[in-house]
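Right, one structure below, let's go through it.
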Amino acid sequence: MAPTTLTAAEQDGTAVTAPSGGAPAVRIEHVHKSFGRPGAATPVLDDISLTVAPGEFVCLLGASGCGKSTLLNLVAGLDRPTSGTIEVTGGRPALMFQEHALFPWLTAGRNVELALRLRGVPRAERRGEAERLLELVRLKGAYGKRVHELSGGMRQRVAMARALAQQSSVLLMDEPFAALDAITRDVLHEELTRIWTDCNQPAGSERGGLSVVFVTHNVREAVRLAQRVVLLTSRPGRIAREWRIALPQPRRIESAGVAGLSVEITDELRKEIRRHGQH
Amino acid sequence: MASTETAGSPRAGTADAGRGPSAGSGLRGTAPADAPAEHTGHTEHTEHTEHSGHSGHTDGGDPAGGDLAGVEAGLDALEAVPVRRVPLSQVLRDKVLPPVLAVVLVLALWQGVHAAGVFPDYKFPGPGAVGDSFLDLWYRGEVFSVLWTSVSRGLLGFAASLAIGTPLGLLVARVRPVRAALGPVLSGLQSLPSVAWVPAAIIWLGLDSRAMYAVILLGAVPSIANGLVSGVDQVPPLYLRAGRTLGATGLAGARHVLLPAALPGYLAGLKQGWAFSWRSLMAAELIASSPDLGLGLGQLLENGRVASDMARVELAILLILVVGIAIDLLVFSPLERRVLRSRGLLVTAR
């Protein structure tokens, strides 16, 4: 029984129309990236072209060695592509890592405040804004807590608050929940969906949309979260296929809709992986 | 159909029954009409409707029973790491009592050997004679001036080493050519006893305080700089990446990310730098004696030797030891503990 809510898979290169008009949030055009000496360089990314619309939620999915983290670093401006162009609208993108990357010499609140300070928020407004952001991730009482006093899930939520404090229109997430237990991860999926939805409400949002580029190797996670799943091949990373996920949010990771599409994408992923064992 | 299998299996049914009524009953109303007909009277009924939800119901529904905040609060409470305060009585028993006992034991041993008369009195005076020597210094009103002469010199020299060693360490840590040029020199200087500089310092700078400070600097600057270098080297690259994505680059990056992250290593360098300062100062005071230099602890020691007054020699050694320990206990240890504890790096031994 095929889930009727899913649209058919689209082949690579298919342009995805932006939900709202205007410039895309992220435009990646013919990006190549290789590491190593020129001449003996290993290609990691091969001709990646990808456009993320304002407010869109895209998951990059692939096995090890597909260069998904490399691609994210390029978009974040932490590294430069060997060739090709990357444009990001709305300033420096926020980036979340698998590790919380909070600074242990600061309290949870001060971590958020540092992001505000570096954004240029005046001192008088920082404390209130930091508390508001912590409340947004439902950590109201955690302002004065040290990082080591928080659980793994709480740390990632503080990291999320810190990323949101940058007020970028693009949030890059590099397997942010991979190190968490399944129960906490499930809750954080829902939290992320809620915040992303809130940020993209036409009314009551002063910040004009939030696009998310989420890197994972967990197929169900990708289907649970994304509007669009982009499958990358490995060594070098190329865009193999992409799927639009039309299931309404909030989804549940246990639901049959998510499971059904996960099967389809996993088959495709395995097909890609199998190619590497043949030679 | 997968749902039929799941619901029909008694194991799956009983295992899932414990999931609580809220999720199941919430879905009961939206179940397709054919579901109850199949499973009337079964306890797995609600479970089955949930599994078959996709046939008619939308994928979403109301996740987590609509109370995500409550679930989250529960998880936070379950996983929170409790921070325990150690009561004062336990601190006294675990931290103060053992060193006090050790000191008493050493004094008793000292007195015992002295009383047994193994060594002649002039070679091995007992604690009583050293106490008399101290009182003698006390009544002449010289204890504080002697201590202050040396301690102020040591602290001033240390402060100067700090001012020079910190930027030097930063340069070596962050600028590659500087590191290649100076890194090995700094490490080498650390293994060169700074007493070796005393003759050179006296010839160049004369028999005065400047020679003392030069010796202190040559002893402490390499330690402080090296401490900062290793502190910076041990900063996890993740912090630097996180800092850069937050916009902390250049000077802001050094101030908000690099330096605070390197603080534990830097503090260890400071601690060692102080020990080196104090040691080199004592060596310099011992070797270079001149009326211009005033009476410091090193001179006290040297005067004792010249006068063959072993009690005064022992007193001087004790005072040098006490100052070294006191500065460490009063300044560096609390600082280090505070920094490490605030980062969760100090595990309270249990």
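In the text below, chain A, chain B and the rest are named by the order of the sequence lines, each starting its count at 1.
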Check your understanding: chain A heavy atoms under 4.5 Å from Ala261(B): which part of the residue, side chain, backbone, both or neither?
Key -> both
Study note, to complete from the structure: Under 4.5 Å to a heavy atom of chain A? For Val339(B) that would be neither
Exercise for review: Answer yes or no: are there more than 12 heavy-atom neighbours, outside Leu330(B) itself, under 6.0 Å from its atom CG?
Suggested key: yes
Exercise for review: Evaluate the side-chain contact (heavy atoms from CB on, under 4.5 Å) criterion for residues Val58(A) and Gln227(A): first the C-alpha distance (whole Å), next the side-chain angles of each, then the deciding distance (0.1 Å), finally the verdict.
Suggested key: CA-CA 6 Å; Val58(A) 176; Gln227(A) 289 178 300; over 6 Å; no
Exercise for review: Please assess Val75(A) against Val213(A) for the test side-chain contact (heavy atoms from CB on, under 4.5 Å), listing each intermediate value before the final yes or no.
Suggested key: CA-CA 10 Å; Val75(A) 178; Val213(A) 180; 5.9 Å; no
In terms of heavy-atom pairs under 4.5 Å, which option from [options] contacts chain B the most?
{"options": "Leu172(A), Thr184(A), Leu106(A)", "value": "Thr184(A)"}
{"options": "Arg119(A), Lys145(A), Arg92(A)", "value": "Arg92(A)"}
{"options": "Asn73(A), Asp186(A), Leu139(A)", "value": "Asn73(A)"}

Side chain / backbone / both / neither for [X] at chain B, heavy atoms under 4.5 Å:
{"X": "Asn111(A)", "result": "neither"}
{"X": "Val187(A)", "result": "both"}
{"X": "Ala94(A)", "result": "neither"}
{"X": "Leu78(A)", "result": "both"}

Study note, to complete from the structure: In Glu221(A), Arg194(A), Arg251(A), the residue satisfying side-chain hydrogen bond (donor to acceptor under 3.5 Å, both in side chains) with His189(A) is Glu221(A)
Check your understanding: Of the listed residues (Pro260(B), Ala73(B), Ala248(B)), which shares the most heavy-atom pairs with chain A below a 4.5 Å separation?
Key -> Pro260(B)
Check your understanding: Do you see a donor-acceptor pair shorter than 3.5 Å between the side chains of Thr266(A) and Arg220(A)?
Key -> no
Exercise for review: Tell me, with the steps shown, if Asp174(A) and Lys68(A) meet salt bridge (charged side-chain N to carboxylate O under 4.0 Å, His left out).
Suggested key: CA-CA 8 Å; Asp174(A) 192 357; Lys68(A) 27 190 210 299; over 6 Å; no
Point to revise | Centroid separation Tyr266(B) to Phe332(B) less than 6.0 Å | key: no
